Protein chains: 2
Amino acid sequence: MDPLTEAKKKLMPEMTELLKKRYQILQTIGLEQPIGRRTLSELAGMTERDIRKETDLLRNQQLIEARTSGMYVSVQGEEVLEALKDFMREMAGLSDMEKQLKSILGITRVLILPQDSDDIPAVKANIGKEAARLLETKFPLYKKIAVTGGSTMAAISKEITADKKDASLQFIAARGGLGEDVLHQANTIASLFAEKTGGAVKTLYLPDHLSAEAYEMMMREPVIKEMMELYDQTEVVVHGIGNAEEIALHRKSSVEEVNRIRNGGAVSEAFGYYFDKEGNVVYRIRTAGIQMEQVQNAPFILAVGGGRSKATAILSYFKIAPPQTTLITDEGAARKIIELTQKQEEF
Amino acid sequence: MDPLTEAKKKLMPEMTELLKKRYQILQTIGLEQPIGRRTLSELAGMTERDIRKETDLLRNQQLIEARTSGMYVSVQGEEVLEALKDFMREMAGLSDMEKQLKSILGITRVLILPQDSDDIPAVKANIGKEAARLLETKFPLYKKIAVTGGSTMAAISKEITADKKDASLQFIAARGGLGEDVLHQANTIASLFAEKTGGAVKTLYLPDHLSAEAYEMMMREPVIKEMMELYDQTEVVVHGIGNAEEIALHRKSSVEEVNRIRNGGAVSEAFGYYFDKEGNVVYRIRTAGIQMEQVQNAPFILAVGGGRSKATAILSYFKIAPPQTTLITDEGAARKIIELTQKQEEF
DNA sequence: AACAAGTGGGACAAAAATCGTCCAGCTCGA
DNA sequence: TCGAGCTGGACGATTTTTGTCCCACTTGTT
């Protein structure tokens, strides 16, 4: 920290806390607008009085506007949020946490966004936005991009902006239908990416759960073979990280499957693989999607996922994640991950 | 102001005032240490309670130490003062005021130091220190330096440090004895300069008030002639600016003299010349010191003087001051000067 | 050696600000 | 049309701040 800020902190020790508090409030309003005092006080974990005091001030400073439907961040407020973005990252220790996560997860790049998407759904949109920005920088370099499904992935597709169309881009659905909401399926998301960027799309319309025989047969189909070849050539993989149990329940998994997953101690899921705490593959769905080896060969991998509830899943998957993976997550997940590893160290 | 600070100000409007207040207190303690709450509250113009609250905090922050003899700035406190120096100059608007003074006084360089030497005598030492620093940078370039007397000049002599001796420096007393305290006479101060820098000194031992005949006669004396030649060659002039009335009363002036000075509306004094508000010479002591023309020929001139009580004098003298003059003053004088000129504009 | 001026810290009642908690009146989406 | 959720107002209870003492002590001077 620069000596000027250091000195100010010495002279005004209250500043740090107060700045954090007000920034968080302003930020939360920005994410959840329009929002009222009571809802806000729950999200921020403060008393209503406190929230009221601060929002009154923010209103006087014209950083927010209060309408009958709730409070909104004003244009000036947006500017303040933007101007303080990096500074607050430092203050909240996000930069420090990024360093810690890099070391814990064994990867070279981590981006942590403020707040917790478990509490504030809009944080997911933030993750999506940053992921989209990062991806866009890779488009000139890499053309073959495999994407998976999930709500965070959907958030990315929403935030991709098409400054300049690039017809040479090719988006590949990394797996088939998973019994999820259609909007969150890999196919849908790959299509959205393609549409926004002007690129092409390859979808994989295959049910997820196949018998051994059907699987073998499909693999001999030319359409499927072509997909497998594409997977071999994949340069970029963008994927979410799932909670094993959540996903297993959400899918139309058989009782036998659920049992194997549970008994094996699976906590995370990615590309149809289920991993336990140590990163061992506990179970694997026989699907025609991208294979782990193919993922590992991709020069750039982007993993996304936030919320403290995903901490164990992230921790598990990154035991075996390729080191060239970049993780974009949020403060809630990051704090939980650090907390979990520290507890582990105690024993 | 940079956008980051701007944004912080928006989010924490109390910050500005609070920072100013605490910095001023810390600064004043630094100047007047050891000092107690009550004395401090008078100097700073705050209530004792307020001072107490803030000093309690400063003590907790380990920026000051409280002994039974009073409060002292700690080493950490010094560091904080130093780190915030430039920032606070901006905050207090000193930089802005410097610009204004340059324009008002018609010179190219002005340095304003914080606080008011009328309230806090130690501010004079600060002026002295900055003047000494500035002078020292000129020593390699200019060797013949004329100095006058006065308390501020004495402050400079105290602060001159002799990093490396320079025997080629020559200090010249710019005028004779003026009935002032010996310690504040030009001769004494020139000697001090010479001693500290390892240079030579030329003193002028002549009473200040001479009859016309005595003056004519002295001017033909070789010793005096030599001085006049030195004045012609003078490269640097360092001088104070006096309050006409104050100086006239302080000297053993005749009644007739005092009347001429008063009736003429003299407000400032320098080099034995008395000037009215418009900068006209109202009266002049027939002394063998440096002449105004000789001052004007010097490539570098340093004028020093602070305290709001000197504002009118400074304003007056600078009506005719050579443009190559640099002024070092304090906040008190600067504010008053600006106030006076703004009032004038109203009419 | 006595003294006066000045010091920080303790104390405490009075005054002020803050806090918790209601409610009225409004808008907006279902 | 209804109800959930919103803002802004209100107000007594509570906490904090403020003004103002005093006291024991150091320090420099007489």
Side-chain angles (χ1 to χ4, degrees), chain A residues 11-22 24-77 119-122, chain B residues 11-22 24-77 119-122:
Chain A
L11 220 45
M12 315 194 15
E14 326 88 302
M15 184 187 76
T16 315
E17 282 303 311
L18 202 57
L19 193 59
K20 265 191 205 165
K21 196 206 288 185
R22 296 204 180 141
Q24 197 205 338
I25 291 174
L26 187 58
Q27 193 179 47
T28 310
I29 295 174
L31 289 170
E32 292 288 275
Q33 63 188 343
I35 187 178
R37 282 199 306 259
R38 279 165 277 266
T39 321
L40 190 53
S41 70
E42 271 184 39
L43 283 183
M46 306 180 200
T47 67
E48 189 193 328
R49 238 311 157 204
D50 210 15
I51 289 286
R52 183 163 187 179
K53 190 177 49 165
E54 302 303 344
T55 50
D56 279 357
L57 182 135
L58 292 178
R59 187 155 23 76
N60 278 334
Q61 291 296 106
Q62 319 212 344
L63 299 179
I64 60 174
E65 279 162 30
R67 306 184 207 163
T68 49
S69 52
M71 297 179 281
Y72 295 79
V73 178
S74 72
V75 179
Q76 280 194 60
D119 298 328
I120 305 175
Chain B
L11 219 46
M12 316 193 17
E14 329 85 301
M15 184 186 75
T16 315
E17 282 303 312
L18 203 57
L19 193 58
K20 266 192 204 165
K21 196 208 285 187
R22 294 199 182 145
Q24 195 205 341
I25 291 174
L26 186 59
Q27 192 179 49
T28 310
I29 295 175
L31 289 170
E32 293 288 274
Q33 61 187 341
I35 189 177
R37 283 200 308 260
R38 283 163 276 264
T39 320
L40 189 53
S41 70
E42 271 185 37
L43 283 183
M46 307 179 198
T47 66
E48 189 193 328
R49 237 317 158 201
D50 208 15
I51 290 285
R52 185 165 186 176
K53 191 178 46 166
E54 302 302 345
T55 52
D56 279 356
L57 182 136
L58 292 178
R59 187 154 26 73
N60 278 336
Q61 291 297 106
Q62 318 213 345
L63 300 179
I64 60 175
E65 279 163 29
R67 305 182 209 164
T68 50
S69 53
M71 297 178 282
Y72 296 77
V73 178
S74 72
V75 179
Q76 279 194 63
D119 298 327
I120 304 176

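Here is how names work: the chains are called A, B, and so on, in the same order as the sequence lines, proteins then strands, and each is numbered from 1. Please read these numbers as outputs of a predicted model, since none were measured by experiment.
Atom-to-atom, CG of A:Leu57 to P of D:dG8 comes out at 14 Å; the value is rounded to the nearest Å. The distance between atom CG of A:Leu43 and atom C1' of D:dG5, rounded to the nearest whole Å, is 14 Å. As rounded to whole Å, 13 Å separates atom P of D:dG8 from atom CG of A:Leu58. One interatomic measurement links the two molecules: CD of B:Glu54 to C1' of D:dT18, which rounds to 13 Å at whole-angstrom precision.
Annotation for B:Ser69 and B:Pro34: closest pair O-CB, 3.6 Å, computed over non-hydrogen atoms.
For the atom pair A:Ile51 CD1 and A:Ile29 CD1, the distance stands at 7.5 Å (nearest 0.5 Å).
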From CA spacing to verdict: side chain to side chain contact (heavy atoms under 4.5 Å, CB included), A:Ile25, A:Met46: CA-CA 10 Å; A:Ile25 291 174; A:Met46 306 180 200; 3.9 Å; yes
CA sep, side-chain torsions, deciding dist, call: B:Asp50, B:Lys21, side chain to side chain contact (heavy atoms under 4.5 Å, CB included): CA-CA 10 Å; B:Asp50 208 15; B:Lys21 196 208 285 187; 3.3 Å; yes
Working for side chain to side chain contact (heavy atoms under 4.5 Å, CB included), residues B:Met12 and B:Leu18: CA-CA 10 Å; B:Met12 316 193 17; B:Leu18 203 57; over 6 Å; no
Criterion side chain to side chain contact (heavy atoms under 4.5 Å, CB included) on A:Leu40 and A:Met71, from CA distance to verdict: CA-CA 10 Å; A:Leu40 190 53; A:Met71 297 179 281; 3.8 Å; yes
Contact letters for nucleotides 2-20 of chain C, in which S counts primed atoms plus P, OP1 and OP2 and B counts the base, heavy atoms under 4.0 Å: -----BBBBB-------BB
